[in-house]
Amino acid sequence: MELEKIVQKTASEGLKNLFDVVFPEDKINLQKTRKDFDGDVTVLTFPFTSFSKKSPEETGEMLGKYLLKHCDQVADFNTVKGFLNLVITDDYWVAFLANIAKEDNYGHLSAPSGKIIMVEYSQPNTNKPLHLGHLRNNMLGYSLSNILKANGHEVIMANIINDRGIHICKSMLAWQKWGDGETPESSGLKGDKVVGKYYVAFDKHYKEEIKELVDGGMNEEEAAKKAPLILEAQEMLQRWEADDKETRDLWEKMNSWVLAGFDVTYENLGVTFDEVYYESNTYILGKDYVTEGLKNGTFYQKDDKSVWCDLSHDKMDPKLVLRADGTSVYITQDIGTAVQRFEEYNLDQQIYVVGDEQIHHFKVLFSILKKMGYEWAGSNFHLSYGMVELPSGKMKSREGTIVDADDIMAEMIQTAKELSEELGKLEEIEEQEKDRLYNLIGLGALKYFLLKVDPKKKMLFDPKESIDFAGNTGPFIQYTYTRIKSLLRKAETDQNLTFSDEYDLEDKERDLIKLLNEYPEVIKDAGEALSPALVANYVYELAKSFNNLYQALSILKDVDPEVTAFRLNLSSETGKVIQSAMLLLGIELPDRM
RNA sequence: GCACCCGUAGUUCAACUGGAUAGAAUAUCUGACUUCGGAUCAGAGGGUUGGGGGUUCGAAUCCCUUCGGGUGUACCA
């Protein structure tokens, strides 16, 4: 049984015994003892004073004595105000280390939960390349999926590609007009970059047209609607919806370029999907459900034939779900895909990883599903993450401040290369392997940077200061790992690695073991809070703690063979947990760097 | 206007969801065995948690108020 459970159970028994009250085990508030006090685990005794009728200290003293007597793992205790600090025996920690060494996947929940969860993330538009914001989305979705799997859930990673609509027609039209037959092959550009170029070109010419109209006396709003280019794009969209062959062929050609480009980015980034949806296939979905809902009174129709959903039960304004001409809006499709997914996969939960600007949209969506009577409506969750901002504010294509995903990845890898060459530790390694390592390190820095911040909060990216390789960073953790690997390589293979049950722990050893002990709880918390940042912060703490020990204590040299054996075991287990945690974040580890 | 989110060292982020003297990193300064890998480690300075009230044994965290920033409020996606 885990230490915390044992303490809670015994403490609960103690309260029954001392004060004759039933206090549920899991309500006993435990926390790590802060560094400046003696002890490992702390029980909060404030909540007990209401029935102990004694001061927090006295209550703590009484409970402490009981635990010392009845709990083998407790070696000593002290009370400070309402804090009962328990000192855990070295025997427990030593045995604990020996135990996790035997586990295959320490920290992961071994028993399946039986829950099926779909995580939808990425959701790119096929009119422009991915940027830094998308990278945050992708890393969150991917890492979160890993964390949920580690919690024993079955996870379906889904992507939905926004491949239709007016914005797609804009790049198509621009390519027709000014493309001169350019293809990714002819220009040597990635497919998504080619298409993105024409999206920008459209915007530029469109702005010019608007300006001309405004100069001619038209007001801006009207000019934006009347500019010839936008009218042409709208016509194209109609042709697309009417299945016009020429339009569809162009659409397919350009989409295939973009998707090939995205595949490269995804591949480099290391994210994957189990299921890829295309909006061109799903956008009609949902109409049937609306029609049905109209019949049974969930929705209502206005005189102009448009269909609405009343959301006064959730204190929101009515939402349109079908236009007067019978065409669907975006949320119509979301209704359709949600129903379809829950039915097809028998989902227990669906998580949408989408930026926080769409909080309201998802509130409305979930409210509509609730109104439609689906019992799973409440099992939808919008994981809204904050935008990635630059010091100047939001990224804006108009001002050319978009940080391109491919570019930033390449830059990070380049920086890793330069730094490595400067340090000169990889000279004997062959070129191909070197490149692989630069990749791991550069991407490790980028991914860790994106994941270490609480998803809910917006984050700042300063291109000038760029991303660090020292301090609380991916490379720091990777570096710690390579040190451990190096140690294990150096250790004689025939060395006897067993150690005595009564090994006497140094403080730094105990600190490290205590952190290892926290790992399963971290995975659980991260799964519940849907926050990879918890894993990131934990693994950083762990790496720091190891470095601290490494610097202060000798592992291979000048120590007793048993001490070497113990510390090698401790190093090895630390390495395993570092690797395990980093893989949850989607970050790979080099053996040397 | 209304709704929601955010204000924590110079800067970027933490704080076990109400617990102890608010912690890291970075930047600045100082130090580390003739190094088991210095992309490391140790130390110093740096804070009225935007301001003001309240709730209680206890508040960065909850409530009210005020100031500052962001987002949303589409028959766009």
Side-chain angles (χ1 to χ4, degrees), chain A residues 29-37 42 44 46 49-50 55-56 80-83 85 123 125 127 162 164-168 279 283 304 306-308 315-317 319-325 327-331 333-334 355-361 363 384 386-387 389 391 393-394 416 419-420 422-423 425 441 445 449 452-454 456-462 465 468-473 475-480 482-491 518 521-522 525 529 533-534 537 540-541 544 547-559 564 567-568 571 592-593:
Chain A
N29 195 337
L30 288 191
Q31 51 187 257
K32 292 202 285 187
T33 305
R34 292 184 68 119
K35 281 233 159 55
D36 0 278
F37 298 92
T42 295
L44 294 192
F46 293 106
T49 52
S50 62
S55 71
V80 181
K81 293 194 270 185
F83 302 89
N85 302 318
Q123 308 110 336
N125 284 333
N127 60 340
N162 241 297
R164 54 139 237 131
I166 189 74
H167 51 293
I168 313 296
E279 217 183 277
Y283 81 105
D304 68 354
S306 60
V307 180
W308 296 74
K315 291 179 185 157
M316 287 187 286
D317 291 336
K319 174 71 187 176
L320 176 123
V321 289
L322 272 189
R323 296 192 185 98
D325 63 3
T327 57
S328 49
V329 289
Y330 191 71
I331 206 157
Q333 150 177 298
D334 274 349
D356 59 9
E357 56 208 346
Q358 293 198 43
I359 287 175
H360 185 252
H361 171 81
K363 259 194 193 163
S384 67
M387 297 289 107
E389 291 182 357
K394 286 180 81 168
L419 191 53
S420 293
E422 198 182 307
L423 294 170
K425 292 179 185 175
I441 298 162
F449 178 83
K452 75 173 173 185
V453 180
D454 184 337
K456 289 193 291 288
K457 297 192 178 169
K458 66 182 179 195
M459 62 182 296
L460 190 97
F461 172 74
D462 189 340
E465 293 184 9
D468 265 325
F469 284 66
N472 184 358
T473 66
F476 169 85
I477 297 161
Q478 289 173 322
Y479 177 74
T480 309
T482 60
R483 272 183 154 176
I484 292 172
K485 280 293 178 190
S486 170
L487 270 177
L488 296 174
R489 275 196 300 270
K490 286 229 169 72
E518 283 175 37
E521 189 70 18
V522 170
D525 289 348
L534 297 181
N537 289 330
Y540 169 63
E541 282 297 320
K544 212 164 47 149
N547 278 328
N548 183 278
L549 176 147
Y550 179 90
Q551 206 80 20
L553 303 176
S554 201
I555 294 173
L556 297 176
K557 284 182 175 176
D558 308 324
V559 285
T564 292
R567 290 179 184 164
L568 277 176
S571 304
R592 53 192 85 215
M593 64 191 273

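Each chain gets a letter, A, B and so on, in the order its sequence line appears, and its residues count up from 1.
Taking a centre distance below 5.5 Å and an interplanar angle below 30 degrees as the stacking criterion, A/F83 does not stack against the six-membered base ring of B/G19.
Using a 4.0 Å heavy-atom criterion, one finds that A/K456 contacts no nucleic acid atom at all. Residue contacts shown for A/K557 include a base, since a base heavy atom lies under 4.0 Å away. Within the 4.0 angstrom heavy-atom criterion, no nucleotide atom of any strand lies near A/M387. Within the nucleic acid shown, A/L44 comes within 4.0 Å of at least one base atom, counting heavy atoms only. Looking at heavy-atom distances under 4.0 Å, A/Q31 makes contact with a base. Nucleic acid contact class of A/T482 (heavy atoms, under 4.0 Å, all strands): base. At the heavy-atom level, A/T42 lies under 4.0 Å from base atoms of the strands shown.
For the pair A/L553 and A/E389, nearest-nucleotide mapping onto RNA chain B gives the more 5' position to A/L553. Where A/N547 and A/D525 each meet RNA chain B at their nearest nucleotide, the meeting point lying more 5' is that of A/D525.
Here the nucleotide nearest the side chain of A/E357, chosen from B/U71, B/C36, B/G19, is B/U71. In the set B/A15, B/G70, B/A20, the nucleotide with an atom closest to the side chain of A/N85 is B/A20. Closest to the side chain of A/F476, from the set B/U40, B/U12, B/C36, is B/U40. Of the candidates B/C57, B/A14, B/U71, B/U71 carries the atom nearest the A/K394 side chain, counting heavy atoms from C-beta on. Of the listed nucleotides (B/U40, B/U21, B/C36), B/U40 has the atom at the smallest distance from the side chain of A/Q551. Nearest nucleotide to the side chain of A/F46, out of B/C57, B/C41, B/C36: B/C57. In the set B/A14, B/C36, B/A20, B/C36 carries the atom at the smallest distance from any side-chain atom of A/L487.
More than 12 heavy atoms of other shown residues, nucleotides or ligands fall within 6.0 angstrom of atom CD in A/Q31.
Glycosidic conformation at B/U17 (O4'-C1'-N9-C4 for purines, O4'-C1'-N1-C2 for pyrimidines): syn, within 90° of 0.
In this model, the phosphate group of B/A3 is not approached by any side-chain N or O of A/K315 to a distance below 4.0 Å at OP1 or OP2. Listed pair A/Y550 / B/G37 meets the phosphate criterion, a side-chain N or O lying under 4.0 Å from OP1 or OP2. Between B/A15 and A/K35, no contact under 4.0 Å exists linking OP1 or OP2 to a side-chain N or O. Between A/K32 and B/A15 there is no side-chain N or O to OP1 or OP2 distance below 4.0 Å. Applying the 4.0 Å criterion to OP1 and OP2 of B/G37, one finds that A/S486 has a side-chain N or O inside that range.
In this structure, A/H167 and A/N162 have side chains that are in contact, with non-hydrogen atoms separated by less than 4.5 Å. By the 4.5 Å heavy-atom criterion applied to side chains, A/K32 and A/T42 are not counted as neighbours. Counting only heavy atoms from C-beta outward, the side chains of A/S306 and A/L322 never approach each other to under 4.5 Å. When side chains are defined from C-beta on, A/F449 counts as touching A/F461, because their heavy atoms get closer than 4.5 Å. In this structure, A/H360 and A/M316 have side chains that are in contact, with non-hydrogen atoms separated by less than 4.5 Å. Counting heavy atoms from C-beta on, the side chains of A/R483 and A/M593 never come closer than 4.5 Å. A/W308 is not listed as a side-chain neighbour of A/K319, based on a closest heavy-atom distance of 4.5 Å or more. Using a 4.5 Å heavy-atom cutoff, the side chains of A/S571 and A/I555 are in contact.
Judged purely by distance below 3.5 Å, without hydrogens or angles, the side chains of A/N85 and A/R34 never pair a donor atom with an acceptor atom.
Atom CD1 in A/I359 sits about 13 Å away from atom P in B/U71, given to the nearest Å. Computed from coordinates, the A/D36 CG to B/A20 P distance equals 10 Å when rounded to whole Å. Following rounding to the nearest Å, A/R567 (CZ) and B/C36 (C1') show an atom-to-atom distance of 12 Å.
B/G7: Watson-Crick or G-U partner is B/C67, with both key distances under 3.5 Å. Base pairing of B/A44 is made with B/U28, judged by Watson-Crick or G-U wobble geometry with both donor-acceptor distances under 3.5 Å. In a base pair of the Watson-Crick type (N1 to N3 plus N6-O4 or O6-N4) or a G-U wobble (N1-O2 and O6-N3), with each distance short of 3.5 Å, B/A15 is matched with no nucleotide. Pairing for B/G72 is with B/C2, a Watson-Crick or G-U wobble pair whose two hydrogen-bonding atom distances lie under 3.5 Å. The partner of B/A20 is absent, by the rule that a Watson-Crick or G-U pair needs both atom distances under 3.5 Å. The partner of B/C36 is absent, by the rule that a Watson-Crick or G-U pair needs both atom distances under 3.5 Å.
Residues passing the ring-ring contact (aromatic ring centres under 6.0 Å, His included) test with A/F46 are A/F83, sequence neighbours excluded.
For the C1' atoms, the distance linking B/U66 with B/G72 amounts to 23 Å, nearest Å.
Salt-bridge formation is not detected for the pair A/E389/A/K394: no Lys NZ or Arg NE/NH1/NH2 atom is positioned less than 4.0 Å from an Asp or Glu carboxylate oxygen.
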Show me the protein contacts with nucleotides 23-29 of chain B, counting only N or O atoms at under 3.5 Å.
unit_1: B/G23; atom_1: OP1; unit_2: A/R34; atom_2: NH2; d: 3.3
unit_1: B/A24; atom_1: O2'; unit_2: A/Y540; atom_2: OH; d: 3.1
unit_1: B/A25; atom_1: O2'; unit_2: A/N472; atom_2: N; d: 3.4

Every protein N/O within reach of nucleotides 74-77 of chain B N/O, cut-off under 3.5 Å:
unit_1: B/C75; atom_1: O3'; unit_2: A/R323; atom_2: NE; d: 3.4
unit_1: B/C75; atom_1: N4; unit_2: A/D304; atom_2: OD2; d: 3.3
unit_1: B/C76; atom_1: OP2; unit_2: A/R323; atom_2: NE; d: 2.9
unit_1: B/C76; atom_1: OP2; unit_2: A/R323; atom_2: NH2; d: 2.6
unit_1: B/C76; atom_1: O5'; unit_2: A/R323; atom_2: NH2; d: 3.4
unit_1: B/A77; atom_1: OP2; unit_2: A/Y330; atom_2: N; d: 3.2
unit_1: B/A77; atom_1: O3'; unit_2: A/N162; atom_2: OD1; d: 3.0
unit_1: B/A77; atom_1: O3'; unit_2: A/E279; atom_2: OE1; d: 3.4
unit_1: B/A77; atom_1: O3'; unit_2: A/E279; atom_2: OE2; d: 2.7
unit_1: B/A77; atom_1: O2'; unit_2: A/N162; atom_2: OD1; d: 3.0

